[in-house]
Amino acid sequence: MRTSQYILATLKETPSDAEIISHQLMLRAGMIRKLASGLYTWLPNGLKVLRKVEAIVRDEMNKAGAIEVLMPVMQPADLWEESGRWEQFGPELLRIKDRHDRPFALGPTHEEVITDLVRREISSYKQLPLNLYQVQTKVRDEVRPRFGVMRAREFLMKDAYSFHLNDECLAKTYQIMHTAYCNIFDRLGLDYRPVIADTGSIGGSVSHEFHVLAESGEDAIAFSDASDYAANIEKAEALAPAIERPAPAAQLERFETPNAKTIAELNEHYHIAPTQSVKTLIVYGNPDEHGKRGLVALILRGDHELNELKADKHPLVFAPLEMAKEEDIVNAIGALPGSLGPVGLAMPILVDRSAAVLADFVAGANENGVHYRGINWDRDVNNFDVVDLRNVVEGDPSPCGKGLLQIKRGIEVGHIFQLGSKYSEAMKAAVLGENGKNQTMTMGCYGVGVSRIVAAAIEQNNDKFGIIWPTSIAPFELAIVPMNMHKSHRIPAIAEDLYQSLKAQGIDVLFDDRKERPGVMFNDMELIGVPYTLVIGERNLDNNQVELKNRRTGEASLIDITQAVEIISKAIKGE
RNA sequence: CGGCGAUUAGCGCAGUUUGGUAGCGCACUAGUUUUGGGUACUAGGGGUCGCAGGUUCAAAUCCUGCAUCGCCGACCA
């Protein structure tokens, strides 16, 4: 490609609404432009990268035995009603009507469509297992689209769905997909971790997410420093402290705390360490026979955070988890949040493992502006359950039994699930088994956020000059930058000749034939992240040499023109 | 969904307090200049100042409503 016949579309200045580095660089490097909130046009530089990522994903899927299909974005509502997700999914599911006023959804995922396809097409166990995938645009009407294509309302996803006669077979394919995903992210040259994950709205039992490690990641992941245990923080178990609860030493004592509504204020004004106090969160419980929801108290050590997922899954807690409204709290307890505590609380009490080993601790007295000190479990509070409710923190022992937990931020770029029969049962997807009887299939599903990978790769590979692409997904593998070509007699022919020879080697070359100053060209090539730049200038031509620069290391070496094609091919293909 | 903020040329912004015929930098066009790291100069093109209504002799500027975009929050006990 020649820049004179291309849209480079680079920007000197950063558009003001781009917050994170990948979003800024994608705009500056001429990869994307915003159409509306969460909706982006892919310019040539961006699309080339997107297609290269897509090709790697596709290649590994094919190698893993999956078969490509393509399903519609627009899907009839009845399929979603059949699976029960028309009700469940919430406003993220973009619903539309056609001219006959019939309801449709724009697909945020394709379990319904694929299950419908397979139940029609597959009728015998002999056709299983089957793994189908597509690379397709997904639509999710995000509450808050942000960070460019990282969380967009329309994005490109590879989604695969596997069908099996039984769970053992599913587990086998799941493992194959796990390996295929590792291959994908290895080939992309990314620093990533597979982590144990929750199944969320997709459903199912076993699940792993693949995270690209980056400070800007929206998820926190916890992993052991001594084993390969890694989990999304929402899924990481907080083990019970290894210590015994000390015996009570202090008397229960009321004290006035007019200035303390938070743990921080309690610490600031009354010198009570957060680790020696507890916080009391009131949520809704399951409805009684009259349909009225009661309240449930969740007790955590002052310095700990509630893990909403853990609370949500407790049988006494109403799902989805919802913090009790202030008026409901006042009606039931007679005090406002900020002065709540477990002593004398007439509702089910769930105590986090770490809060349960405290003795002589501080909590609200269920009276505005009053706290108790010297509280002790069993002596002052009875009838409570000890459960795991909190988010793990750095330094906690790893649930795997080996090492301590570290916490890093990650960008979720892949997610695999063992779905089981959630969809196949609801949608009656069955095959005839060997015994001649109908048997419901069991399913797996496997997603890769193709467009998100592009942004995630930039988060991990950039410097002050711009993007540093891994060669496998760079928009171009090599840039030819001639110095003042239009003033030279020798350079045009040499540059043209090298351009043609390198192209013939199958190298993706960008020939910068603009009538621009060298600095402009260098800056553009560095910004868009081309891994190698070949500089052709009068200065070295007398020695029959050209200069090869490496974007990542910044190293430049002079090479002989006659050997240039060979050396460059080796450098690029050898990676 | 709640809070805050923004909206003036393709991009980044000033002008709004105090109403008086719309500006700067980058980008773009032409020319000169420069020539291995975003050269300099000259001359240009480009804007119904987000939209609708109102006040006024006069509105980017004041008032009302709406829209769009962004940020933060939705852990507060």
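Chain letters run A, B, ... following the sequence lines, proteins first, then strands; residues in each count from 1. What you see is a predicted model; the values in this text were computed from it and never measured.
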All N/O contacts under 3.5 Å from nucleotides 2-11 of chain B to the protein, with atom names and distances to one decimal?
residue, atom, partner, partner atom, Å
C11(B), O2, Glu13(A), OE1, 3.3

Which protein N or O atoms sit under 3.5 Å from an N or O of nucleotides 39-47 of chain B?
residue, atom, partner, partner atom, Å
U39(B), OP2, Arg517(A), NE, 2.7

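Contacts of Asp360(A) classified as side-chain contact (heavy atoms from CB on, under 4.5 Å), with partners at least two apart in sequence or in another chain: Pro248(A), Ala249(A), Ala250(A), Asn376(A). In this view, Arg551(A) and Asp463(A) satisfy the salt bridge (Lys or Arg N to Asp or Glu O under 4.0 Å) rule, not counting sequence neighbours. Applying the side-chain contact (heavy atoms from CB on, under 4.5 Å) test to Ala230(A) and every residue at least two apart in sequence or in another chain returns Val195(A), Phe223(A). With sequence neighbours excluded, the residues forming a salt bridge (Lys or Arg N to Asp or Glu O under 4.0 Å) with Asp141(A) are Arg153(A), listed by chain and number. Take Arg552(A) and apply the salt bridge (Lys or Arg N to Asp or Glu O under 4.0 Å) test, not counting sequence neighbours, and it matches no residue.
Within residues 540-547 of chain A, the residues approaching RNA chain B are Asn540(A), Glu547(A), by heavy-atom distance under 4.0 Å. Contacts between residues 37-49 of chain A and RNA chain B, counted as heavy-atom distances below 4.0 Å, involve Ser37(A). Sorted by residue number, the members of residues 273-281 of chain A with any non-hydrogen atom under 4.0 Å from RNA chain B read Lys279(A), Thr280(A), Leu281(A).
Every pair tested for salt bridge (Lys or Arg N to Asp or Glu O under 4.0 Å) that includes a residue from residues 329-345 of chain A fails, sequence neighbours excluded, so the list is empty. Screening residues 296-344 of chain A for ring-ring contact (aromatic ring centres under 6.0 Å, His included), with sequence neighbours left out, gives no hits.
The pairing partner recorded for G23(B) is C13(B), the criterion being a Watson-Crick or G-U wobble arrangement whose two distances lie under 3.5 angstrom.
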